[in-house]
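No hydrogens, no waters, no symmetry mates; every other heavy atom, side chains included, goes into these values. Each ligand, and each atom within it, is numbered from 1 in the order the structure gives.
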Amino acid sequence: MDDLDAVAAIEGRRSIRKFKPEPVARQLLEELLKLAGCAPSCDNNQPWKFVVLEGQVKDEVIEVIHNKATSLKKDEVAIGSCLENVRSMRQSPAIVMVYRINPEEDEEAELPSYRGDITDALSIGAAIENFLVAATAKGLGTLWIRDVLLADEEINEIIKEEGRLMSALAVGHAVEQPSSGERKPLTEFVSWRE
Ligand SMILES: Cc1cc2nc3c(=O)[nH]c(=O)nc-3n(C[C@H](O)[C@H](O)[C@H](O)COP(=O)(O)O)c2cc1C
């Protein structure tokens, strides 16, 4: 299948929550990660690191997320859609953990535009969106998951990656193409000034 063009991929991307058991070739994942790394970043600092989990490590990480979410839920702490996301992650053949590197260089700057926590989060979001859109263009489904942050300490005990965990991305072959969530009309989120 040919890649979709950029507009079709942006329009066609959906959050996928059911995946087929089919694997995704490492070469294809590498291609997506390379495209993620094409994102703009402040001063070209590229503050991201991607850790791809497959096989046994993936299972271990999902288990600690499941256990933590279950115990928080028992204590009546809000866990969002974490347990549903655990189901999706179990199905997806690979999970990409996204880290922010060098977060300690933070918060000293006087100008808000130089604040690393803001600019790094923006840059990492851009890289993640590249990954999602590229995956869509290549016929794959993805889910952006912040709910893994409920178990960030437990995850880091396994992955032992420096930097701050920002999100996880499930990637695989979609079972279905969900319909698009409603979007605000242009008039609600754009204003023109002259
Ligand atoms: C920063 C961010 C974090 C998200 N975290 C989660 C999450 O933890 N669990 C989940 O099911 N979806 C998560 N999503 C997906 C959103 O729910 C989804 O993008 C939104 O409902 C719009 O649907 P669509 O992606 O199909 O267009 C996240 C999206 C973003 C941008």
Side-chain angles (χ1 to χ4, degrees), residues 4-20 32-33 35-36 39-42 47-51 53 58 61-73 77-101 103 116-156 159 163-186 188-190:
L4 297 177
D5 70 28
V7 172
I10 290 168
E11 284 182 341
R13 185 211 53 77
R14 296 279 182 285
S15 290
I16 297 301
R17 296 185 171 84
K18 288 184 186 161
F19 294 94
K20 296 178 189 168
L32 300 180
L33 292 163
L35 291 162
S41 60
C42 217
W48 45 70
K49 172 105 190 248
F50 300 96
V51 179
L53 307 182
K58 171 180 169 279
V61 166
I62 294 172
E63 198 53 29
V64 299
I65 299 167
H66 176 258
N67 293 344
K68 181 73 183 281
T70 306
S71 110
L72 289 172
K73 193 177 174 193
V77 176
I79 59 163
S81 50
C82 197
L83 289 171
E84 289 81 359
N85 294 162
V86 161
R87 224 172 297 139
S88 304
M89 287 191 282
R90 282 193 177 129
Q91 290 177 3
S92 71
I95 301 172
V96 180
M97 308 303 281
V98 185
Y99 285 83
R100 175 192 177 202
I101 52 176
D117 56 344
I118 296 173
T119 54
D120 284 359
L122 293 169
S123 305
I124 291 165
I128 290 175
E129 178 67 359
N130 271 13
F131 182 92
L132 306 184
V133 169
T136 307
K138 292 183 178 296
L140 294 172
T142 53
L143 180 62
W144 184 336
I145 309 166
R146 58 109 208 252
D147 281 345
V148 296
L149 299 179
L150 286 175
D152 59 346
E153 286 174 12
E154 292 80 358
I155 294 168
N156 286 340
I159 301 184
R164 185 187 303 158
L165 181 62
M166 302 292 281
S167 275
L169 311 173
V171 57
H173 297 272
V175 168
E176 59 196 9
Q177 171 77 347
S179 53
S180 173
E182 201 175 309
R183 292 301 197 258
K184 294 177 185 172
L186 211 61
E188 219 178 281
F189 68 91
V190 179

Q) How about Ile124 and Tyr99: do any of their side-chain heavy atoms sit closer than 4.5 Å? A) no

Q) How many angstroms lie between atom SG of Cys82 and atom CZ of Arg146, to the nearest 0.5 angstrom? A) 9.5 Å

Q.
I'd like to check which ligand 1 atoms, numbered from 1 as shown, lie under 4.0 Å from a non-hydrogen atom of Ile145.
A. 5 (N), 6 (C), 7 (C), 8 (O)

Q.
Pairs of nitrogen or oxygen atoms closer than 3.5 Å, one from Trp144 and one from ligand 1: do any exist?
A. yes

Q | Per-atom contacts of ligand 1 with Ser81, taking only distances under 4.0 Å to non-hydrogen atoms | A | 9 (N), 10 (C), 11 (O)

Q: Check Asp147 against ligand 1 and report side chain, backbone, both or neither, counting heavy atoms closer than 4.0 Å.
A: both

Q: Between Glu84 and ligand 1, find which residue part has any heavy-atom pair under 4.0 Å and reply side chain, backbone, both or neither.
A: neither

Q: Name the closest protein heavy atom to atom 21 (O) of ligand 1, giving the residue it belongs to and the distance to 0.1 Å.
A: Arg17 NH2, 4.7 Å

(Q) Do the side chains of Arg14 and Glu176 get close enough for a salt bridge, i.e. N-O under 4.0 angstrom? (A) no

Q.
If I take atom CG from residue Leu53 and atom CE from residue Met97, how far apart are they, to the nearest 0.5 angstrom?
A. 5.5 Å

Q: Could you tell me whether atom 8 (O) of ligand 1 has at least one protein heavy atom nearer than 4.0 Å?
A: yes

Q. Between Arg183 and ligand 1, which part of the residue brings a heavy atom under 4.0 Å of the ligand: side chain, backbone, both or neither?
A. side chain

Q: Under 4.0 Å from a heavy atom of Asn85: give me the atoms of ligand 1 that qualify, with their elements.
A: 7 (C), 8 (O), 9 (N), 10 (C), 11 (O)

Q | Met166 side, atom CE; Arg100 side, atom CZ - distance, nearest 0.5 Å | A | 6.5 Å

Q: First locate atom CG of Leu35, then atom CG of Asn130, and finally report the distance between them rounded to the nearest 0.5 Å.
A: 7.0 Å

**Q.** Protein heavy atom at shortest distance from atom 23 (O) of ligand 1
**A.** Ser15 OG, 4.0 Å

Q) Knowing that exactly one of Leu143, Ile128, Thr142, Val148 qualifies, which makes a side chain to side chain contact (heavy atoms under 4.5 Å, CB included) with Leu169? A) Ile128

